[in-house]
Amino acid sequence: MNYWLMKSEPSSFSVDDLARAPHRTTVWDGVRNFQVRNMLRDQINKGDLAFFYHSGGSTPGIAGTMKVSRSGYVDASAFDPQDHHFDPRSTLPKPLWYCVDVTLVKRFKCVVTLAELRQHAALKDMLILRRGNRLSISPVSAIHWQYILKLAAQT
DNA sequence: GCCAACGTTGGC
DNA sequence: GCCAACGTTGGC
């Protein structure tokens, strides 16, 4: 079982949106980066756990936890010319892009902010804290996962 | 295959 | 709104 961190801009889709979604579940689609595509297709499995990270807003940070409820499958949004993420290079016989389904496990009472994460030496190697990190999904170690869960429980 | 230009991400 | 980082594109 693996742990991940998945970014979303709360103005487009937030942890509260996920809490309101049917079965607290959504398709995590629209990823158009090859490194992240490879993770979605090959590495992120049903049963894995992930942090829901709010990026771009006024208070970036981890807002809750999710479970992967469906492993990688073809991202149909690439086929829809009306969709913002339409990509004509992706075809049914040769799909380019992949997605997973995620289900909300727990919405944190308070967001564990990026600023707070930076204050903990135990987390200094987290990919999210690295300069220039722009991947919308990154792996999280079991140690960091447990540590952050404790932080979230304290606040 | 190199590399400049360009676009996007995301913190601040 | 600014800017650093970095992925992608396309000319050569």
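Worth saying up front: this structure is predicted, and the values here are computed from it rather than measured. Chain letters run A, B, ... following the sequence lines, proteins first and then strands; every chain starts at 1.
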Looking at [X], does any N or O in its side chain come under 4.0 Å of the phosphate oxygens OP1/OP2 on [N]?
X: A:Tyr53; N: B:dG11; result: yes
X: A:Arg89; N: C:dT9; result: yes
X: A:Lys7; N: B:dT9; result: no

Report the distance from atom [atom1] of [X] to atom [atom2] of [N], rounded to the nearest whole Å.
X: A:Leu5; N: B:dG10; atom1: CG; atom2: P; value: 11 Å
X: A:Leu129; N: B:dT9; atom1: CG; atom2: P; value: 21 Å
X: A:Leu117; N: B:dG11; atom1: CG; atom2: P; value: 11 Å
X: A:Asp87; N: C:dG7; atom1: CG; atom2: C1'; value: 15 Å
X: A:Arg118; N: B:dG10; atom1: CZ; atom2: C1'; value: 11 Å
X: A:Leu114; N: B:dG11; atom1: CG; atom2: P; value: 6 Å
X: A:His54; N: B:dC12; atom1: NE2; atom2: P; value: 17 Å
X: A:Asn33; N: B:dT8; atom1: CG; atom2: C1'; value: 10 Å

Starting the side chain at C-beta, find the nucleotide from [options] nearest to [X].
X: A:Phe34; options: B:dG11, C:dT8, C:dC6; answer: C:dT8
X: A:Ser55; options: B:dG7, B:dG11, C:dA4; answer: B:dG11
X: A:Pro60; options: C:dA4, B:dG7, B:dG11; answer: B:dG11

Discussion item. Walk me through whether A:Phe86 and A:His84 qualify under ring pair (Phe, Tyr, Trp, His ring centres under 6.0 Å).
Written reply: CA-CA 6 Å; A:Phe86 174 61; A:His84 181 247; over 10 Å; no
Worksheet item: Which class fits the ring pair A:Phe51 and A:Trp145: parallel under 30°, tilted 30 to 60°, perpendicular over 60°?
Response: parallel
Worksheet item: Is the A:His120 ring parallel, tilted or perpendicular to the A:Tyr147 ring (thresholds 30°, 60°)?
Response: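 If you compare the ring of A:His120 with that of A:Tyr147, the planes turn out perpendicular.
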Response to the item:
Output for pair (A:Leu151 CG, A:Leu123 CG), nearest 0.5 Å, gives 6.5 Å
Item to complete: Indicate if A:Phe13 and A:Val27 have the same hydrophobic cluster label, given that clusters are the connected sets of ILVMFWY residues with side-chain heavy-atom separations under 4.5 angstrom.
Response: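 No; A:Val27 is not reachable from A:Phe13 via cluster members.
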Worksheet item: So what does A:Arg37 touch, heavy atoms closer than 4.0 Å: a base, only the sugar-phosphate, or nothing?
Response: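 Nothing, no nucleic acid heavy atom in range.
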Worksheet item: What nucleic acid atoms does A:Arg32 come within less than 4.0 Å of, heavy atoms only: base, sugar-phosphate, or nothing?
Response: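 Nothing, no heavy atom under 4.0 Å.
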